[in-house]
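Report on the following structure.
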Amino acid sequence: MSETRPEPMAKAYQPAQVERAVYQRWLDADVFAPDGAGSRARPTAEPFVIIMPPPNVTGALHLGHAARSATEDLMIRRARMQQRPALWLPGVDHASIAAQWVLRRVLADEGTTPEELGREQYLERMWRFMEETRPVIMGQQRRLGISADWGRERFTMDDGSARAVRVAFKRLYEDGLAYRGQKLVNWCPGCGTSVSDLEVIGTPEEGKLWSVAYHLLPEGAAAGAEPSRDEIIVVATTRPETILGDTAVAVHPDDERYRHLVGRLVRIPFIDRDVPIVADDFVERGFGTGAVKVTPAHDHTDFETGERHGLPRIDVMTDEATMNAAAGPYEGLTREACRTAILRDLEAMGDLVEAKDHEMVIGRCQRSDDIVEPRLKTQWFIDVKPMAERAMRAVRERRTLFVPERFEKVFFDWLENIYDWNISRQLWWGHRIPAWYCPDGHVTVSDVETGPGRCVECRTFELAQDEDTFDTWFSSGLWPFSTLGWPDATHDLRTYYPTQVMETGHDIIFFWVARMMMLGEWLTDQEPFRVVYLSGLIRDPYGKKMSKTKGNVIDPLGIVDEIGADALRFALINGAAPGADQRLGPSRLDGARNFANKLWNAARFVLGAKPAELPAEMALILPEADRMGPAEHWILSRCHAALRDADAAYGGFQFAEATRILHTAIWSEYCDWYLEMAKVRLGADVAPEARAATWQVLAWVLDRYLRMLHPVMPHITEEIWGRLPHRPDDGDLLITAAWPASEALQSAADESQAAAVADIIELVSQMRNARADAGIEPATWLDAELRFEQADRTKAFDAIADVVAKLARVRPTVGHAEHASERTAALVVVSPGAEACLSVGAQDRERDRVRLEKELAETEQLLTATSAKLANAAFVSKAPAAVVDGVRTRQAELQDLATRIRGHLGR
RNA sequence: GGGCGGUUAGCUCAGUUGGUCAGAGCGCCUCGCUUACACCGAGGAAGUCAGAGGUUCGAGUCCUCUACCGCCCACCA
């Protein structure tokens with residue numbers, strides 16, 4: 001503590017300077033890494049590890065990131081103070097599609113396009129872009145005060161990730177899970193790549209359902225024969241342009257209308273293909289005409305129907321979603337133009353039977369909003385079912401828990417109905433698929449960085465690598481272990497894996513969480529994390545999602561500059577129930593700012609009130625019990641309760657509850673009551689040892705609260721703590737000081753004195769209440785005669801009579817007469833265990849009667865309710881004894897209270 | 001079409017295993033610049049816990065149904 005801090009504490013808290021300075025102090029001390037120079041972790045303690053969900057390199061930090069970072073930092077800081085080796089590994093994701101879109105815009109500004117640059121130059125440019133944006137994102141994270149281990153920062157495109165991707169893919173290939181095949185993929189024409197099922201957003205839209213007449217060939221006629229003019233089958237479709245790719249018409253096998261037509265051939269218009277009518281029970285008889293055109297190359301259902309019936313698949317489109325040569329006369333048209341043309345032509349032919357409005361769901365690309373086209377492509381897929389089984393087992397065996405628990409069901413529902421994962425992306429930015437093909441089409445998969453020397457089958461050297469890259473989420477799925485060194489059994493992997501908590505938004509439970517669990521279980525034989533903590537979305541004050549287009553985005557850095565990172569963190573955590581979305585607006589932020597200010601000022605008072613008799617360099621210790629007054633015992637008791645409850649809340653992921661407890665403890669108990677009580681006992685007329693003891697308690701309790709609050713508001717607590725005396729074993733920084741163990745407090749407080757003070761506080765409140773109701777000026781001092789039912793209350797009162805005087809603005813005496821109030825005009829206050837009579841003028845007394853009457857009415861109402869409960873024989877016999885006793889005690893209290901009030905009212 | 005979540009003071013929301021649980025913050029009203037803080041202090045008003053049944057001695061808290069609101073999943077073309 002030789003370090004000088006010249007600047008005195010400012011009257012109003014100035015977060016910006018304090019936060020930057022404090023953060024630098026931590027960096028200098030090297031305390032973020034579990035094995036850093038400043039770490040005080042016990043090596044034998046169980047490590048606590050969080051791998052940071054990587055923000056995209058492309059975007060600026062938004063409130064969602066801030067909320068997540070705040071929550072993760074909170075957990076890491078608590079674990080660090082518990083002296084566990086706490087590792088929080090930060091990183092960023094390369095976000096291939098998103099990055100590609102962003103860079104395209106950047107390039108457009110520079111007057112060029114990716115196509116012009118070509119793959120190689122494009123990738124160079126992308127890397128440069130990454131080098132520019134990555135530090136920005138990480139700098140923003142730092143500004144929030146997060147205590148990640150920057151020395152271990154990772155990127156999903158770094159060499160370690162690249163190697164993990166290759167090794168993982170080869171393993172999956174050898175295990176028979178990764179395969180290459182021609183299947184229907186979700187093609188986004190705008191992005192020029194396939195996307196996974198998850199990236200296709202079902203969008204309800206108003207469309208049309210057209211009924212089209214297909215002409216049958218005469219019974220028994222071979223393909224190519226002249227179709228009948230009259231014998232038709234009417235099919236219903238929402239996508240007439242796919243008629244050109246039809247290879248069958250399907251009807252339900254039990255449909256009487258069509259049963260006799262099964263096996264006949266129909267003529268597909270415009271391209272003159274003759275296709276069979278097949279029976280398949282996927283057909284809904286009640287929908288449309290009950291007859292369905294089947295286009296296996298452009299519809300997922302039809303693809304499967306085609307598989308069952310061995311139908312050809314005819315792709316009629318190009319990558320740009322225009323019609324290709326297979327579309328015959330319509331070649332070159334866009335999907336939309338082709339539809340219009342076909343409808344026009346059908347109409348002209350008289351084969352357009354009906355057109356009616358139809359509500360439907362259209363698959364659009366999450367990224368570009370283009371209509372996704374199911375198309376036939378030869379790509380890589382992963383059979384995820386076996387991995388899904390493993391992931392689900394981890395949850396069933398409780399090796400991985402969801403918080404909140406209900407997301408387990410969501411998780412299971414998805415994994416139980418999972419399809420193969422298309423992982424090929426026709427993008428340049430990303431990990432290139434490590435598969436090579438020889439001219440004969442043999443496939444060689446290799447995990448060697450430079451690729452395989454020769455074909456595994458024909459040994460030729462002539463190899464070409466797959467042009468495609470992996471779905472971004474493939475490398476993200478390896479994140480919890482690739483960042484720790486996998487596939488090598490590194491020290492980090494052995495020490496820190498499996499990790500403890502994965503904290504992320506519930507919106508990426510499928511994209512990311514489930515995939516990490518599948519890949520983690522499969523590749524490492526362990527669950528990648530023990531707990532999945534899912535947080536909600538941050539919304540604007542009106543409950544709307546924040547989005548750039550709506551213009552309702554709150555920039556977290558703007559808030560940080562304005563009110564400080566600590567206040568923002570407090571607001572975010574205080575407002576978040578696990579898994580639930582939260583609205584964030586100015587009022588909550590103001591509240592958090594005010595709380596920081598309150599804490600700052602309380603600390604300023606405490607530090608400034610240090611009695612001269614205490615040495616400058618002193619250790620933080622609690623004084624002997626007999627040197628403390630009742631108020632000291634009371635605050636120690638309250639402090640103990642707050643610590644116990646807040647710690648339990650932290651431990652149970654009830655972070656908002658923890659902040660609520662600490663807010664109440666600090667503001668409503670410590671500041672509102674104890675500080676005021678302590679002021680009296682710090683006065684010049686107080687015995688020096690009592691004065692010293694009072695300050696020691698003030699400092700000691702503040703120290704506890706600072707420790708407990710540090711995970712949420714790290715900077716301000718660190719700054720204040722640095723100015724307080726420390727315990728010899730604490731070190732210089734709060735960030736590595738010990739987490740308060742609740743048992744340390746147990747013997748400190750004398751609970752009976754604490755209870756006496758609680759009664760006196762209640763009495764003071766009621767005296768204030770009575771004064772306000774009677775309209776007595778706050779400045780007016782009144783004589784008050786107090787009576788206590790128990791001797792220990794009287795004793796406690798004697799010790800803090802000055803406090804009571806000051807807080808209630810009265811000159812108190814302890815009375816012994818039975819009915820003092822009847823002798824003089826007085827306000828009468830009746831509370832459990834105590835009464836007070838305040839001398840006032842007669843007219844005030846009259847107003848006071850009204851208040852007493854009201855109080856009596858309330859008391860009697862409560863009394864009636866409790867008595868009714870006790871009168872119920874079933875309650876008395878069936879409820880637990882403790883509950884019944886509690887009600888009896890309550891009844892007695894109320895009875896007593898009512899009697900006394902009646903007495904004062906002269907009844 | 002399935003599933004999940006919500007409906008508690010004017011507003012935003014806490015209330016994890018049924019028994020001081022009817023709460024907090026903001027807002028509002030009345031006082032007060034009392035030497036930590038007006039980003040403050042003291043006091044106050046305000047809710048039949050969406051509706052209807054049921055289980056229980058006892059239900060915002062468990063069950064059923066209903067009504068709105070939100071989200072997720074889904075191959076009726």
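Values reported hereafter were calculated over all heavy atoms of this structure, with side chains retained and with hydrogens, waters and symmetry mates removed. Just so it is clear: chains get the letters A, B, ... in the order the sequence lines come, proteins before strands, and each one is counted from 1.
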On a whole-Å scale, what distance lies between the [atom1] atoms belonging to [N] and [M]?
| N | M | atom1 | answer |
| --- | --- | --- | --- |
| B:G18 | B:C11 | P | 31 Å |
| B:U8 | B:C40 | C1' | 30 Å |
| B:U55 | B:A14 | P | 31 Å |
| B:U7 | B:A50 | C1' | 5 Å |
| B:G25 | B:U20 | C1' | 23 Å |
| B:G54 | B:A74 | C1' | 34 Å |
| B:C33 | B:A38 | C1' | 7 Å |
| B:G6 | B:C13 | C1' | 12 Å |

Sugar-phosphate, base or nothing in reach of [X], heavy atoms under 4.0 Å:
| X | result |
| --- | --- |
| A:V887 | nothing |
| A:K869 | nothing |
| A:H358 | sugar-phosphate |
| A:K806 | nothing |
| A:A882 | nothing |
| A:V292 | base |
| A:R660 | nothing |
| A:D672 | sugar-phosphate |
| A:K356 | nothing |
| A:W673 | nothing |
| A:T301 | base |
| A:P404 | nothing |
| A:E359 | nothing |
| A:L675 | base |

Base orientation of B:G70, syn vs anti, 90° cut from 0: anti

According to ring pair (Phe, Tyr, Trp, His ring centres under 6.0 Å), who are the partners of [X], at least two apart in sequence or on a separate chain?
| X | value |
| --- | --- |
| A:F282 | none |
| A:Y214 | none |
| A:F510 | A:W414 |

5'-most by nearest nucleotide on RNA chain B - A:A12 or A:G290: A:A12

Upstream residue (5' side of RNA chain B) when A:D413 and A:P778 are each assigned their closest nucleotide: A:D413

Matching residue for A:L572 among A:L589, A:T659, A:L584, A:V712 - test: side chain to side chain contact (heavy atoms under 4.5 Å, CB included): A:L584

Salt bridge flag under 4.0 Å for residues A:D420 and A:K183: yes

NZ/NE/NH1/NH2 to OD/OE distance under 4.0 Å, A:E373 and A:R239: yes

Residues A:K293, A:D246; criterion salt bridge (Lys or Arg N to Asp or Glu O under 4.0 Å); working and verdict: CA-CA 6 Å; A:K293 59 191 267 325; A:D246 283 357; 2.8 Å; yes

Exercise: identify the closest heavy-atom pair between A:V316 and A:H298: N-NE2, 3.0 Å

5' to 3' contact window, RNA chain B with chain A (heavy-atom distance under 4.0 Å): B:G3 to B:A77

Pairwise side-chain contact, A:L807 with A:E676, heavy-atom cut-off 4.5 Å (strictly under): yes

Pair assignment for RNA chain B - dot-bracket with | for other-strand partners, Watson-Crick or G-U under 3.5 Å: (((((((..((((.....[...)))).(((((.......))))).....(((((..]....))))))))))))....

Within 45° cone and under 6.0 Å: A:R515 NZ/CZ vs A:W421 ring: yes

Salt bridge (charged side-chain N to carboxylate O under 4.0 Å, His left out) against A:R375, all qualifying residues, sequence neighbours excluded: A:D315, A:D319

